[in-house]
Number of protein chains: 2
Amino acid sequence: MSMYFYPPSVEELISYLNKLPGVGPKTAQRLALHLLNTREADAVGLARAITATREKVRRCAVCGNLTDDEVCPVCSDEQRDASVICVVEHPGDCIAMERTGQFNGLYHVLHGALSPMEGIGPAELNMDSLMQRLRGGNIREVVMATNTGVEGEATALYLARLIKPLGIRVSRLAYGVAVGGDLEYTDEVTLGRALAGRSDI
Amino acid sequence: MSMYFYPPSVEELISYLNKLPGVGPKTAQRLALHLLNTREADAVGLARAITATREKVRRCAVCGNLTDDEVCPVCSDEQRDASVICVVEHPGDCIAMERTGQFNGLYHVLHGALSPMEGIGPAELNMDSLMQRLRGGNIREVVMATNTGVEGEATALYLARLIKPLGIRVSRLAYGVAVGGDLEYTDEVTLGRALAGRSDI
């Protein structure tokens with residue numbers, strides 16, 4: 001008895017969807033059937049957007065952030081304070097910083113963090129161009145906003161050691177309890193850092 | 001102060017991904033960045049597969065299941081028992097039936113279930129062609145394998161009432177405890193049906 005499966009074209013679509021992060025075989029199947037049944041404009045639009053984005057988007061020549069232009073809107077915005085650079089791991093981190101509405105400097109996107117385990121050293125990250133920017137311009141402060149895990153910390157320390165000799169202030173985001181967060185559910189390391197960094201009221 | 005977001009092309013990709021079922025804004029963002037950074041072959045392959053599948057795949061002229069051909073491999077397989085038809089809601093249900101390795105008849109895919117709330121009546125489902133098949137051929141049994149929710153039940157009963165007058169046996173999959181399932185975690189309705197349908201050992 002021959003068993004029936006999805007038509008070859010659908011199986012192919014499922015296998016591509018299955019390669020996406022967090023998409024298992026069941027979800028891939030559901031997404032494939034959705035893409036088959038949804039409006040033509042939505043399915044073809046998605047296909048076109050994938051191709052178009054890859055063709056259009058590149059890294060900003062200055063900060064390395066994603067942009068459709070040669071230089072990104074932040075780097076070419078003369079209203080922003082060009083003497084402060086916030087170093088982040090990923091493009092999404094810039095968006096998070098922008099959402100605070102409290103940072104008016106420029107960014108530098110490393111596109112990752114140091115990870116000897118995964119073979120990611122300084123050469124694999126967008127670090128050379130950061131050092132060039134710092135040597136070339138009138139930068140007075142670099143804010144390290146890498147993630148707070150082991151790799152992000154190591155990256156921040158590594159860069160701080162390179163940058164300080166240039167006479168530039170290097171700062172790090174404050175550690176502490178999340179606003180609106182319960183002390184009870186805050187891990188002890190974070191709580192310890194929050195205590196050490198306490199301020200007068 | 002102007003806020004920075006993703007480049008327009010990336011925002012567009014995110015908004016298309018966000019339309020997929022179960023994909024929220026955060027996941028859409030993560031998938032978009034993945035599609036930007038992954039191997040060219042995987043990203044472009046997905047884009048092509050979406051378009052190709054929509055162009056190639058159609059409904060089988062006989063059973064309504066998805067196929068790349070005029071008639072699907074099951075309907076055109078002469079080894080299968082053409083006197084039994086299993087009625088299911090979705091193409092994925094055929095795959096589930098095939099996996100049992102215990103069904104050698106043909107299928108009929110309704111592409112949904114009756115749902116007055118969502119405005120889905122008999123005309124919106126692939127029912128007319130089922131009745132045509134039953135009137136035309138030597139069918140001795142129709143196995144109702146619609147889902148076991150309210151809509152699937154209603155659909156099975158509705159069809160049973162239409163089919164029985166043709167002198168064709170209409171059966172329904174057995175309800176009961178899942179194999180390997182704990183009684184403790186079986187809902188009372190299912191357990192009640194399992195009791196009512198008990199057999200001698």
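Worth knowing before you read on, the calculation uses all heavy atoms, side chains too, and leaves out hydrogens, waters and symmetry mates.
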So, taking the atom named CG in A:Asn65 and the one named OH in B:Tyr6, what distance separates them when rounded to the nearest 0.5 Å?
8.5 Å

Counting only non-hydrogen atoms closer than 4.5 Å, does B:Glu40 touch chain A with its backbone (N, CA, C, O), its side chain (CB onward), both, or neither?
both

Quick one: which of A:Gly92, A:Gly22, A:Pro91 has the most heavy-atom pairs under 4.5 Å with chain B, could you say?
A:Gly92

Any chance you could measure A:Leu36, atom CG, to B:Arg59, atom CZ, to the nearest 0.5 Å?
10.0 Å

Contact part of B:Ala41 toward chain A, heavy-atom cut-off under 4.5 Å: side chain, backbone, both or neither?
backbone

Quick one: does any side-chain atom of B:Arg54 pair with a main-chain N or O of A:Ala43 as donor and acceptor, under 3.5 Å?
no

At a heavy-atom separation under 4.5 Å, does B:Leu33 approach chain A through its side chain, its backbone, both, or neither?
side chain

I'd like to verify something: which residue of A:Asp69, A:Val57, A:Thr51 has the highest number of heavy-atom pairs under 4.5 Å with chain B?
A:Val57

Here the gap from B:Thr53 atom OG1 to A:Leu13 atom CG, rounded to the nearest 0.5 Å, amounts to 4.0 Å

From A:Leu46 CG over to B:Asn18 CG, what is the distance, rounded to the nearest 0.5 angstrom?
11.5 Å

Paired with B:Leu20, the side-chain contact (heavy atoms from CB on, under 4.5 Å) test is passed by just one of A:Val23, A:Leu35, A:Leu17, namely A:Leu35

I need the A:His90 NE2 to B:Arg30 CZ distance, nearest 0.5 Å.
12.5 Å

How many angstroms lie between OG in B:Ser15 and CG in A:Asp42, if you round to the nearest 0.5 Å?
9.0 Å

